[in-house]
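Structure, as structure tokens:
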Amino acid sequence: MSWLVVDMLFKDFIRICMRIGSTSSITEKKNIVATYLKELERSEWKPFILFLVGKPIPDSIEGGLGVGYSTIMKALKNPIKPLFPSNPLTLNDVFNELIKIAYIRGKDSSKRKFEALASLMGRMSREERIWLSKIILGELRIGLVDGHLLGALSNVLGLSLEDIRRAYLLRGDLGDVVDVALKGVEALRNVPPRLFSPIRPMLATPASSIAEAYNMIGGGEAAVEVKYDGARVQIHIKNGRVKIFSRRLTDVTYSLPDVVEIVRNGVSVDEAILEGEVVAYERGSGKPLPFQTLMKRFKRIYNIEEAMELIPLKIHLFEIIYLNGKLLIDTPYSDRYDLLVERVSEELLANRIVTSNIREAESFYKRALDYGHEGVMVKRLNSPYILGVRGKHWIKVKSKETLDLVIVGAEWGHGRRSSWLSDYYLAVYDPNSGEYLVVGKTFKGLTDEEFQYMTKRLLELKVKDEGFRIWVKPEIVVEVDFNEIQKSPKYKSGLALRLARITRIREDKSPEEAATLEELYQLYERQFEKKGKVI
DNA sequence: TTTGTCTGCCCC
DNA sequence: ATTCTGC
DNA sequence: GCAGAATGGGCAGACAAA
């Protein structure tokens with residue numbers, strides 16, 4: 001029988017991608033995937049599924065592929081042709097080569113990774129090279145995500161979607177789920193509960209005011225919780241052993257021994273999965289330190305002791321998802337919170353109130369901002385913990401600031417924005433020198449129509465063309481929202497805006513009326529009334 | 001040794 | 001992370 | 001109402017190049 005089976009060729013896989021990309025119906029996409037899964041050897045399932053969602057290798061390979069945009073561009077330009085013509089590449093050929101590339105480490109690894117990639121590309125047609133690049137960059141853009149693949153898997157294997165979904169949410173890795181699902185229903189159901197394997201976190205939806213947030217959750221009583229400007233973490237505990245995962249499920253335990261210690265001392269459970277926000281605080285003043293200072297701690301593996309001294313951390317817990325063998329995702333939030341409070345010492349909990357009074361919620365929000373925090377979360381009391389989904393149970397309200405800035409340059413967009421200038425350099429005015437100094441870039445806030453208009457106007461103002469980027473006469477003023485001013489190692493102005501987005505085009509303002517460098521510096525300094533100094 | 005470039009399912 | 005758009 | 005696309009600043013680490 002097996003001599004009749006032909007391994008799938010990479011070029012045929014590309015055809016399938018194109019078919020999936022050209023239909024907008026999700027059902028149809030799933031059907032196509034299911035059809036091919038049935039025809040494939042089991043050994044091909046993993047590459048097939050991973051490639052379809054734009055993953056070149058399984059997440060479980062630590063350190064990732066180590067190939068990005070630069071290396072790909074170089075390899076695309078300089079493919080290394082094989083000495084002898086070789087057979088067309090199969091899906092598994094490509095997958096195995098990519099895994100080999102991932103395991104290239106140490107001295108000259110950049111060069112060796114490049115050579116391996118260029119050799120692989122040398123065996124490919126132009127089309128295959130392009131699609132391989134898309135897979136590596138995770139930019140297939142055929143409208144398939146992990147969730148769709150789960151549906152197709154369930155369909156083909158005759159396993160319930162619920163079982164598959166549960167395993168996925170608890171594993172957090174599609175490749176793992178394929179492996180487990182292939183072992184059958186028993187293996188699938190036995191995946192959880194398992195500690196030290198992170199699960200996909202529940203996400204929040206933004207709102208622009210407390211009133212709007214209350215509206216979105218349907219009114220009534222809600223928890224209003226401080227939203228700290230830190231990094232979200234998931235903490236797994238079993239009999240004193242602690243592991244900490246980041247929001248994207250990276251294991252960050254090693255960098256955070258102080259947080260581990262805080263958890264050991266402040267949490268009394270045998271087994272649990274908790275969630276919270278890790279925040280840096282200034283010693284002495286107790287003010288929260290800026291996010292960029294926290295990041296100096298986050299993925300550090302050298303000089304940790306020293307960094308701990310300089311940048312002390314705290315944890316603010318707000319969730320318990322698992323307790324002593326029981327998953328709590330279907331337990332209502334208020335009950336979960338009770339379980340959390342019973343087991344955690346008070347100073348480790350995120351500050352919160354429960355109220356149906358919007359005035360009271362607003363004043364709590366204001367107080368949170370006064371203490372230098374980012375905002376609040378408004379949470380529906382009876383909501384389950386919905387894994388990996390941005391729903392309307394958790395609403396975030398964050399503070400923002402606004403400035404008028406001048407566009408001094410722009411870059412051509414990609415994909416659906418490829419015919420527009422879609423990424424703009426924003427500058428402040430310096431009356432002393434007459435110069436406009438860049439303080440950030442943004443591609444957010446304009447509608448398609450506005451992009452078209454802006455492209456036309458910017459081209460009229462062009463003073464220098466660098467191909468992918470143009471520089472323009474400073475003339476167009478835009479109103480820009482942003483969350484924070486950061487110290488910049490990149491821009492000459494020394495400052496950069498965090499999360500800048502355009503809110504409107506100020507046709508009524510001249511560039512000299514835009515914000516000045518001095519104003520921006522004053523705003524920057526003012527941030528330290530509430531926050532600790534950048535280290 | 002120092003400085004620069006690239007990468008990261010990075011963090012936000 | 002935020003925003004707009006297509007389904 | 002949701003998912004997808006298009007992209008921001010800055011950080012540490014791993015190598016490469018000067």
Side-chain angles (χ1 to χ4, degrees), chain A residues 24-26 50 53-61 63-72 74 105-114 137-148 172-175 200 203 205-206 216 229-233 246-250 252 255 277-278 290-303 307 374 389-392 396 398 400 411 413-418 420 422-426 439-451 480-491 495-503 534:
Chain A
S24 56
S25 152
I26 288 172
L50 289 176
V53 291
K55 293 174 209 265
I57 55 168
D59 289 343
S60 49
I61 297 182
L65 187 62
V67 167
Y69 184 79
S70 270
T71 313
I72 285 173
K74 214 159 42 142
R105 307 279 161 91
K107 181 140 177 56
D108 294 327
S109 63
S110 303
K111 199 182 292 168
R112 280 151 54 220
K113 277 175 194 274
F114 158 73
L137 294 172
E139 293 175 349
L140 241 55
R141 306 199 199 295
I142 55 172
L144 265 190
V145 290
D146 291 17
H148 301 145
D173 180 278
L174 193 58
R200 309 192 85 85
L203 306 172
T205 303
M216 285 164 80
D229 190 9
R232 184 164 172 186
V233 291
S246 69
R247 194 184 104 116
R248 298 293 264 268
L249 313 183
T250 306
V252 291
S255 305
E277 190 86 357
V278 169
F291 180 74
Q292 70 185 132
T293 305
L294 169 70
M295 290 327 281
K296 288 174 189 281
R297 283 292 317 273
F298 226 66
K299 283 167 296 175
R300 179 175 289 276
I301 55 175
Y302 303 115
N303 306 112
E374 192 178 38
V389 170
R390 197 175 295 282
K392 50 195 171 339
K396 56 178 160 188
K398 295 166 65 164
K400 62 174 176 64
E411 289 176 10
H414 299 272
R416 69 186 305 278
R417 294 191 181 180
S418 46
W420 304 325
S422 81
D423 199 2
Y424 306 121
Y425 286 83
L426 305 168
V439 294
K441 274 166 90 187
T442 187
F443 57 94
K444 297 182 193 108
L446 297 193
T447 62
D448 287 6
E449 207 180 336
E450 287 169 320
F451 275 123
V480 174
D481 277 3
F482 58 94
N483 286 46
E484 193 186 23
I485 303 164
Q486 301 188 138
K487 189 161 96 172
S488 174
K490 183 156 102 181
Y491 294 119
L495 298 177
L497 304 181
R498 180 177 173 203
L499 305 175
R501 59 267 188 190
I502 294 172
T503 48
V534 176

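A, B, ... follow the sequence lines: proteins, then strands. Residue 1 opens every chain. Every value quoted in this text rests on a predicted model; they were computed, and no experiment measured them. No hydrogens, no waters, no symmetry mates; every other heavy atom, side chains included, goes into these values.
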Phosphate-side-chain proximity, [X] and [N], N/O vs OP1/OP2 below 4.0 Å:
{"X": "Tyr424(A)", "N": "dA6(D)", "answer": "no"}
{"X": "Thr250(A)", "N": "dC11(B)", "answer": "yes"}
{"X": "His148(A)", "N": "dC2(D)", "answer": "no"}
{"X": "Gln486(A)", "N": "dG9(D)", "answer": "no"}

What's the gap between [N] and [M] when it is taken at their [atom1] atoms, as a whole Å value?
{"N": "dT7(B)", "M": "dG10(D)", "atom1": "C1'", "result": "14 Å"}
{"N": "dG9(D)", "M": "dG8(B)", "atom1": "C1'", "result": "15 Å"}
{"N": "dC10(B)", "M": "dA14(D)", "atom1": "C1'", "result": "15 Å"}

Check side-chain hydrogen bond (donor to acceptor under 3.5 Å, both in side chains) between [X] and all other residues, then give those that pass, not counting sequence neighbours.
{"X": "Lys398(A)", "value": "Glu374(A)"}
{"X": "Arg417(A)", "value": "none"}
{"X": "Thr503(A)", "value": "Glu479(A)"}
{"X": "Asp481(A)", "value": "Lys400(A), Thr402(A)"}

How would you label the contact of [X] with the nucleic acid (heavy atoms, under 4.0 Å): base, sugar-phosphate, or nothing?
{"X": "Gly413(A)", "answer": "sugar-phosphate"}
{"X": "Gly106(A)", "answer": "sugar-phosphate"}
{"X": "Asp423(A)", "answer": "sugar-phosphate"}
{"X": "Ser255(A)", "answer": "nothing"}
{"X": "Ile301(A)", "answer": "sugar-phosphate"}
{"X": "Ala500(A)", "answer": "nothing"}

In whole angstrom, give the distance that lies between atom [atom1] of [X] and atom [atom2] of [N].
{"X": "Leu140(A)", "N": "dC9(B)", "atom1": "CG", "atom2": "C1'", "result": "14 Å"}
{"X": "Phe451(A)", "N": "dA6(D)", "atom1": "CZ", "atom2": "C1'", "result": "8 Å"}
{"X": "Met295(A)", "N": "dG13(D)", "atom1": "CE", "atom2": "P", "result": "12 Å"}
{"X": "Arg300(A)", "N": "dG10(D)", "atom1": "CZ", "atom2": "C1'", "result": "14 Å"}
{"X": "Leu137(A)", "N": "dG4(D)", "atom1": "CG", "atom2": "P", "result": "19 Å"}
{"X": "Lys111(A)", "N": "dC15(D)", "atom1": "NZ", "atom2": "C1'", "result": "11 Å"}
{"X": "Ile142(A)", "N": "dA3(D)", "atom1": "CD1", "atom2": "C1'", "result": "15 Å"}
{"X": "Arg141(A)", "N": "dA3(D)", "atom1": "CZ", "atom2": "C1'", "result": "14 Å"}

Who passes ring-ring contact (aromatic ring centres under 6.0 Å, His included) against Tyr491(A), sequence neighbours left out?
none
With sequence neighbours excluded, what pairs up with Phe482(A) under the ring-ring contact (aromatic ring centres under 6.0 Å, His included) test?
none
dC11(B), dG9(D), dC12(B): which one has an atom nearest the side-chain heavy atoms of Ser246(A)?
dC11(B)
Of the nucleotides dG13(D), dC2(D), dG9(D), which one has an atom closest to the side chain of Lys392(A)?
dC2(D)
Backbone N/O of Leu499(A) and side chain of Arg501(A): donor-acceptor pair under 3.5 Å:
yes
Closest contact, heavy atoms only, Val534(A) versus Pro290(A):
CG2-CG, 3.7 Å
Taking every heavy atom of Leu495(A) against every heavy atom of Lys487(A), the minimum-distance pair comes out as CD2-CA, 4.4 Å
Take Lys296(A) and Ser110(A), find for each the nucleotide of DNA chain D with the closest heavy atom, and name the residue whose nucleotide sits nearer the 5' end.
Lys296(A)
On DNA chain D, compare the nucleotides closest to Phe291(A) and Phe298(A); which residue's is nearer the 5' end?
Phe291(A)
Contact state string [nucleotides 3-8 of chain B, B base, S sugar-phosphate only, - no protein heavy atom under 4.0 Å]
---SSB
Treat primed atoms plus P, OP1 and OP2 as sugar-phosphate and everything else as base, then score nucleotides 1-7 of chain C 5' to 3': B for base contact with protein heavy atoms under 4.0 Å, S for sugar-phosphate contact only, - for none.
SBSSSS-
Once side-chain contact (heavy atoms from CB on, under 4.5 Å) is applied, do any residues pair with [X], and if so which ones, sequence neighbours excluded?
{"X": "Met216(A)", "answer": "Thr205(A), Ala207(A), Glu212(A), Ile395(A)"}
{"X": "Arg105(A)", "answer": "Ile61(A), Tyr103(A)"}
{"X": "Thr447(A)", "answer": "Glu449(A), Glu450(A)"}

Charged N to carboxylate O under 4.0 angstrom, Lys113(A) versus Asp108(A)?
no
Using the criterion of both pairing distances under 3.5 Å for Watson-Crick and G-U wobble pairs, give all stems of 3 or more consecutive pairs involving DNA chain D.
B:1-8 with D:11-18, B:10-12 with D:8-10, C:1-7 with D:1-7
Is the Lys NZ or Arg CZ of Lys441(A) less than 6.0 Å from the centre of Tyr424(A)'s six-membered ring, within 45° of the axis?
no
Taking syn as within 90° of 0 and anti otherwise, name the glycosidic form of dC15(D).
anti
